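Encoded as structure tokens, the structure appears first; notes follow it.
Just so you know, ligand 1 is whichever comes first in the structure, and atom 1 is the first atom listed for that ligand. Along the sequence shown, residues carry numbers from 1. Only a predicted model underlies this, so the values are computations on that prediction, with no experimental measurement involved. Reckoned from all heavy atoms, side chains included, excluding hydrogens, waters and symmetry mates.
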Amino acid sequence: MGPGGGRRVQPPGPRGSGARVLPAPTLSPMTITSIPLDLSFFRRFLDRATTVLVAHAAYLTDLDAAIGDADHGSNLKRGFGSAAQAVADAGPATPGALLTTVGVHLTNTVGGASGPLYGTVFRRMGKMLGEDAEVAPETLGRALAAAVASVRRLGDSAPGDATMVDALQPATDAYIATLGERQDTAAALKAAAEAARAGAEATIPLQARRGRASYLGERSIGHQDPGATSTALLITALYEATDPALCAVAPEPPVREEPAAEERAPGRVGVVLVSHSRELAEAAAALARALYGAGGPAPVVPAGGLPEGGVGTSPELVRRAVEEADEGAGVVLVCDMGSAVLTARTLTGETVRIADTPFVEGAVAAVVTASAGGDLAAVLAAAEDARTYRKVTG
Ligand code: ADP
Ligand code: MG
């Protein structure tokens, strides 16, 4: 994507709703529920969510290609595309059971971070809805609040990190606030959909702090988060489920921008993986290449073990690897430990630098950032940032 080329989300609809006049605010202290939040409502929601996510799969994947690994749309297409069958097999009798079935199914079928995260959203909401045949609007608000809390806990993420939380949190807040003011479920869901869409767009200027996009550091700025975008589509589907006429509108396929020709320096930063084990270095290189995201992988050269085989590090192997990885933009060495570090140190200079980072995480972060066209300082910083990824929180 070209400089400043953040893509904007254009979720479908609520088209045709421009002329739709929202019910006037009511002063009644009682909740007026124009649409029952019953099993048919949630079936309509799932159906609409599936249609819209499938129609937007290529778009979501494009967004993920810019800052991740180009699989968000296909991940969700796989999960939602088969969710209706999972629901048909389970035959849920209540809204809560339906959402729980979808959550379990998403966790089991969606690869990537979004699987467990969306799985949690649906399971948590399902649990909060309990056995009710018809859900009270306030209960839906509490379920959304519990869902966003569970995503934040699982992902160790907060608003402003440029993740799905940036759409889900404002949507939840808007739903609860609007329901409190207007006692109207459709109006509250419409406000939620608008807030989610605005939240997704607001991720464009943010630097990603969680998920794969965070490997890019500052280079993630200028791109809309794919997960926040799919959340905006999901919340919009929840609003559209209030009215079968809205659901009937075909989702407008979003405009797919032609990816701008990548503007890169003549060469990219090379990455050399120095390990005691040839197999480990080669496997880490394969993993990093598999996760590189957009643009084609930067040179990544494994230098593990001894030339004649066996465990150890060889200055000669590492020197040759540095030569091979050098395209003129510098080389970053990612080492496992001990003599790998000592060997690497003998080769460093102004354009050949060691990253102070754990081996696997550093290898992935360095390769992803180098592949995206980051310069030597950016690749070093991304690799060193990998030291700060927490695996246990709280
Ligand atoms: P992966 O990143 O594993 O390829 P997907 O591409 O399907 O998985 O999903 C990526 C989306 O998941 C991101 O755009 C972001 O919204 C969300 N995400 C990733 N990690 C986190 C996290 N720790 N907390 C909240 N959301 C996250
Ligand atoms: Mg992805």
Side-chain angles (χ1 to χ4, degrees), residues 6-7 9 11 53-54 56-81 83 105-122 124 147-172 196-197 199-204 206-217 219-235 287-295 361 364-365 367-368 371-372 385-386 388-394:
R7 288 178 233 198
V9 62
L53 288 172
V54 169
H56 287 70
Y59 172 63
L60 293 169
T61 287
D62 278 358
L63 292 179
D64 197 27
I67 51 170
D69 56 351
D71 66 354
H72 190 56
S74 45
N75 281 344
L76 295 186
K77 193 171 169 180
R78 187 168 53 249
F80 280 88
H105 179 74
L106 293 178
T107 304
N108 291 340
T109 54
V110 177
S114 59
L117 291 166
Y118 277 136
T120 296
V121 167
F122 280 79
R124 190 81 189 106
V148 73
S150 66
V151 167
R152 292 177 61 164
R153 211 166 29 246
L154 180 62
D156 186 27
S157 41
D161 288 343
T163 69
M164 58 175 69
V165 171
D166 283 308
L168 195 52
Q169 183 73 65
T172 302
R197 216 176 306 184
E201 287 191 6
T203 61
I204 294 174
L206 297 178
Q207 177 172 339
R209 306 261 174 217
R210 292 290 178 272
R212 239 182 252 297
S214 65
Y215 301 162
L216 292 181
R219 296 181 66 83
S220 63
I221 294 172
H223 298 280
Q224 184 163 309
D225 179 64
T229 309
S230 56
T231 293
L233 295 172
L234 279 166
I235 301 286
L287 175 66
R289 281 195 207 102
L291 300 179
Y292 69 81
E361 289 86 344
V364 171
V367 171
V368 168
S371 301
D385 221 34
T388 63
Y389 302 159
R390 302 288 306 274
K391 292 176 187 173
V392 178
T393 56

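- In terms of protein heavy-atom proximity, atom 14 (O) of ligand 1 is nearest to Asp225 OD1, 2.6 Å.
- Looking at Arg212 and Asp69, a side-chain N of the basic residue comes within less than 4.0 Å of a carboxylate O on the acidic one, giving a salt bridge.
- Ligand 1 places these atoms under 4.0 Å from at least one heavy atom of Asp71: 4 (O), 5 (P), 6 (O).
- For atom 26 (N) of ligand 1, the closest non-hydrogen atom on the protein side is Thr163 CB, 3.3 Å.
- The shortest distance between side-chain heavy atoms of Tyr118 and Val151 does not fall below 4.5 Å.
- A heavy-atom distance below 4.5 Å is not found between the side chains of Leu168 and Leu234.
- Every atom of ligand 1 is numbered from 1 in the order shown, and the set under 4.0 Å from a heavy atom of Ser114 is 5 (P), 7 (O), 8 (O), 9 (O).
- Between Met164 and ligand 1, at least one pair of N/O atoms sits closer than 3.5 Å.
- Rounding to 10 degrees gives 80° for the angle at the Mg ion (ligand 2) between OD1 of Asp71 and OD1 of Asp69.
- Here the side chain of Asp161 pairs no donor or acceptor atom with the backbone of Arg209 at under 3.5 angstrom.
- Residue contact check: Gly227 has heavy atoms under 4.0 Å from atoms 13 (C), 14 (O), 16 (O) of ligand 1.
- Checking side-chain atoms of Ser220 against main-chain N and O of Ala208 turns up a donor-acceptor pair under 3.5 Å.
- By the 4.5 Å heavy-atom criterion applied to side chains, Pro159 and Arg152 are counted as neighbours.
- Using modelled atom types, one side-chain atom of Arg210 and one backbone atom of Asp156 make a donor-acceptor pair closer than 3.5 Å.
- In this structure, Thr203 contributes its side chain and Asp225 its backbone to a donor-acceptor pair below 3.5 Å.
- With distances taken over non-hydrogen atoms, the option nearest atom 10 (C) of ligand 1 out of His72, His223, Gln224 is His72.
- Applying the 4.0 Å criterion to heavy atoms of Asp69 picks out, from ligand 1, the atoms 4 (O).
- Using 4.0 Å as the threshold, Asp156 has no heavy atom nearer than that to any atom of ligand 1.
- Between the side chain of Asp166 and the main chain of Thr163, a donor-acceptor pair closer than 3.5 Å is present.
- Shown in contact with Arg210 at under 4.0 Å from a heavy atom are these atoms of ligand 1, numbered in order with element: 22 (C), 23 (N).
- Closest heavy-atom approach to atom 8 (O) of ligand 1 within the set Gly68, Ala113, Ala213: this belongs to Ala113.
- Ligand 1 places these atoms under 4.0 Å from at least one heavy atom of Asp64: 6 (O).
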Problem set entry | Residues Leu117, Leu106; criterion side chain to side chain contact (heavy atoms under 4.5 Å, CB included); working and verdict | CA-CA 9 Å; Leu117 291 166; Leu106 293 178; over 6 Å; no
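- Distances below 4.0 Å separate heavy atoms of Leu117 from the following atoms of ligand 1: 18 (N), 21 (C), 25 (C), 26 (N), 27 (C).
- Compare Gly211, Ser157, Gly155 by their heavy atoms: the one nearest to atom 25 (C) of ligand 1 is in Ser157.
- With ligand atoms numbered from 1 in the order given, ligand 1 contributes 1 (P), 2 (O), 3 (O), 4 (O) to contacts under 4.0 Å with heavy atoms of Arg212.
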